[in-house]
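Keep in mind that the numbers below use all heavy atoms, side chains included, and drop hydrogens, waters and symmetry copies. Nothing here was measured: the structure is a model prediction, and the numbers come from that model.
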Amino acid sequence: MRRNSTRSYTPKRAGLVRSHVDVPESKMGLVIGKGGSRIQQISTRTGARLFTKREVRDRVFIEAETEEVMERAKQEVSRIVSTGKRKDTASEIRTLAIDPGKLGDDDQVCLKRITIPGQDEKYFRLVPASSQAEGSELDIDEGGDHIVDLLQRAERVLRDIRAQADRRPEESPLEVDVWFHLGYLLLKDVDDREAALPSSVQAILSKVNNREWRSCFEAGVVDFDIDWLHELLTDKSDRVQSCVRHDIGFYTPSGQDRRFKVWIPEEETEDASSQRLLGMYSGGECSRSTGSSLVKAGPGILCTPLSPRMKADVALPGHPFDCRLLIRTGIRDHSELGGKEKREDAILIREFCEKVRIEGKDLLYPPSRFSDGYRLHFKRKCERKSYRFNGFQLTTSRETSIRYDAVDRPQEQSKIDIHIRSSECEKLLDQTAEREWRPRDIVTLIPGMLKFVKEELEPLVG
């Protein structure tokens, strides 16, 4: 059977290129997506037209105006095929919860229109229906069924991960990363008439779960002075780490998403070079969260991104921000670079990364270009500071990034990210190699992380 082969032929209409990508039937669902969503996303990103035919069950057809656009579309399809989930890998779980802590006795919310620069769609954020409602602190053990449901889902995900970790050889354990990301939970596809009326928490959840409304999470926080926040956090913290981190992302002909990460500590020390390579100056985040299949390359580390296993969005009406719980996994094994084709891809990228040099807090890139099939899809520079206090780790990241679309058009973005991790959770997960952590132990720490976000961080950011 054909496996991801491609062939172009001369179109009947001048100026239009037609081709196809052969895809194993077992991977067609991944390429098409639910209701055709993923194949439509590829069309939107690349500018090509992608479609399938009922009588041909292992082929995706492509039409494009230029060879360049055609090649980008082929790469997108090939990447999905090459990196598609294996049968023994659990699917990513997504869920939504709403914290009623500030809603008062009526449990009512309204939708506030939010404007996102560069976006034409209407977005709404949940706010308390009554500006006077003070509410009460949410007791996760006694109330908030949807919060309890979130924790139960998280425990099921962690049980699956635990079972997968137990099947791994000791020399290449499955690493686990659990943390909260601050941002904004937004709703779209909302009718203006519905947006004007107060709704109950349960009614909102029903609309989203029934897909009448769609939800999305906009990572990063706005409208506050990050330097002022750093001053407050420095006074509260018993440990501060600072660095600049650079991230570069590549797509390869075999469909890999390879990342190159470089840490530049705020103050150079005698062992800064070796510690930088080990990720010790990653703004305080644990080395486990760096990525998987780590390989030293030049001044940094070449790796593959961690795989998301759960994204649980928690709306916090009445608070200045919302948050997302993320659970990710990766295999910490230098030898697991895939088959021959993937190893050759990694070698070529590593040769490029070996030539990267540090100048001050920036990187100097070599003039060499990659051959056809390789694509640089993003660059990011993060000024990171990490603080530890009250049993938690808070990392701020002032980020400037450039993402390249399928025809290499740059899209610049600047934002401030805030991540929250539990020190106790980190200690438990650091025992992965010894196979000692238990899913329930991790789940019991999640409410404390959420409470930290609401009680410790809100007075600072709000």
Side-chain angles (χ1 to χ4, degrees), residues 93-102 137-144 146-159 161 175-185 217 219-221 229 233 236-239 282-286 288-289 306 308-329 384-397 417-432 437-462:
I93 301 297
R94 296 193 181 211
T95 188
L96 169 65
I98 301 175
D99 176 3
K102 287 194 173 185
E137 181 60 35
L138 173 66
D139 187 334
I140 293 179
D141 293 326
E142 298 181 3
H146 46 287
I147 298 287
V148 174
D149 180 66
L150 181 154
L151 298 176
Q152 291 172 344
R153 287 175 179 237
E155 185 166 1
R156 287 196 294 269
V157 170
L158 288 165
R159 284 177 180 171
I161 293 172
E175 304 282 8
V176 188
D177 189 27
V178 179
W179 52 292
F180 270 99
H181 197 170
L182 298 195
Y184 305 99
L185 188 283
F217 188 80
V221 295
L229 177 63
L233 291 174
K236 293 174 68 70
S237 177
D238 53 20
R239 180 184 176 190
S282 58
E285 69 183 57
C286 60
R288 179 179 57 259
S289 65
L306 294 176
R309 301 293 289 272
M310 181 175 184
K311 294 179 180 178
D313 298 332
V314 183
L316 303 172
H319 294 263
F321 43 72
D322 305 303
C323 59
R324 166 175 278 182
L325 169 68
L326 291 110
I327 301 177
R328 304 184 300 174
T329 60
R384 303 171 73 88
K385 290 183 180 293
S386 181
Y387 306 85
R388 291 184 184 272
F389 59 97
N390 295 346
F392 295 89
Q393 175 179 295
L394 185 151
T395 299
T396 67
S397 180
D417 262 352
I418 298 181
H419 305 164
I420 307 294
R421 286 181 165 85
S422 162
S423 299
E424 182 63 27
C425 185
E426 295 292 279
K427 290 179 182 178
L428 291 173
L429 293 175
D430 277 343
Q431 299 176 13
T432 299
W437 67 271
R438 295 183 301 177
R440 186 60 183 169
D441 293 339
I442 304 301
V443 170
T444 57
L445 296 172
I446 293 175
M449 296 170 69
L450 182 57
K451 185 176 181 180
F452 175 84
V453 168
K454 296 189 296 179
E455 294 187 358
E456 295 287 347
L457 188 56
E458 180 183 351
L460 301 179
V461 178

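Between Asn390 and Glu456, the closest side-chain pair of non-hydrogen atoms falls below 4.5 Å. At a threshold of 4.5 Å between non-hydrogen side-chain atoms, the residues Ile327 and Pro308 do not count as touching. Using a 4.5 Å cut-off on side-chain heavy atoms (C-beta onward), Leu233 and Phe389 make contact. When side chains are defined from C-beta on, Leu151 counts as touching Ile446, because their heavy atoms get closer than 4.5 Å. Within the 4.5 Å cutoff, side-chain heavy atoms of Trp437 are placed close to those of Val176. Side-chain atoms of Leu316 and Lys454, non-hydrogen and from C-beta on, do get closer than 4.5 Å to each other. Contact check for Arg309 versus Ile161: side-chain heavy atoms found under the 4.5 Å cut-off. A heavy-atom distance below 4.5 Å is found between the side chains of Arg388 and Ser423.
Among residues two or more places apart in sequence or in another chain, the side-chain hydrogen bond (donor to acceptor under 3.5 Å, both in side chains) test is passed with Thr95 by none. Judged as a ring pair (Phe, Tyr, Trp, His ring centres under 6.0 Å), and not counting sequence neighbours, His319 has no contacts. Ala315 meets the side chain to side chain contact (heavy atoms under 4.5 Å, CB included) test with Ile98, Leu126, Leu185, Pro317, Asp322; sequence neighbours excluded. With sequence neighbours excluded, the residues forming a side chain to side chain contact (heavy atoms under 4.5 Å, CB included) with Arg156 are Gln152, Arg153, listed by chain and number. In terms of the side chain to side chain contact (heavy atoms under 4.5 Å, CB included) criterion, residue partners of Ser422 (sequence neighbours excluded) are, by chain and number, Phe392, Glu424, Cys425, Leu445, Met449. Under the side chain to side chain contact (heavy atoms under 4.5 Å, CB included) criterion, Asp441 pairs with Leu428, Arg438, sequence neighbours left out.
Distance check, rounded to the nearest 0.5 Å: CZ of Phe452 to CG of Leu394 gives 5.5 Å. Taking CD1 of Ile420 as the reference point, atom NE2 of His181 lies at 10.0 Å (rounded to 0.5 Å). Within the model, atoms CZ of Phe217 and NZ of Lys311 stand 10.5 Å from one another, a figure rounded to the nearest 0.5 Å. How far OG of Ser237 is from CD of Gln393: 9.5 Å, rounded to the nearest 0.5 Å. Here the straight-line distance linking atom CZ of Arg328 with atom CG of Asp177 works out to 4.5 Å at 0.5 Å rounding. Between Arg421 atom CZ and Trp179 atom CH2 the span is 6.0 Å, to the nearest 0.5 Å.
A salt bridge does not link Arg94 to Asp313: none of the charged side-chain nitrogens sits closer than 4.0 Å to a carboxylate oxygen. Classification of Arg384 and Asp417 as a salt-bridged pair fails, no side-chain N sitting under 4.0 Å from a carboxylate O.
Between Val443 and Ala154 the shortest heavy-atom distance is CG2-C, 4.2 Å. Closest non-hydrogen pair, Tyr184 versus Val221, comes out as OH-CA, 3.5 Å.
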Query - Trace of the side chain to side chain contact (heavy atoms under 4.5 Å, CB included) decision for Val314 with Leu325 - result: CA-CA 8 Å; Val314 183; Leu325 169 68; 5.5 Å; no

Requested in this report: Determine, stepwise, if the pair Ile418 / Thr395 fulfils side chain to side chain contact (heavy atoms under 4.5 Å, CB included).
Outcome: CA-CA 6 Å; Ile418 298 181; Thr395 299; over 6 Å; no

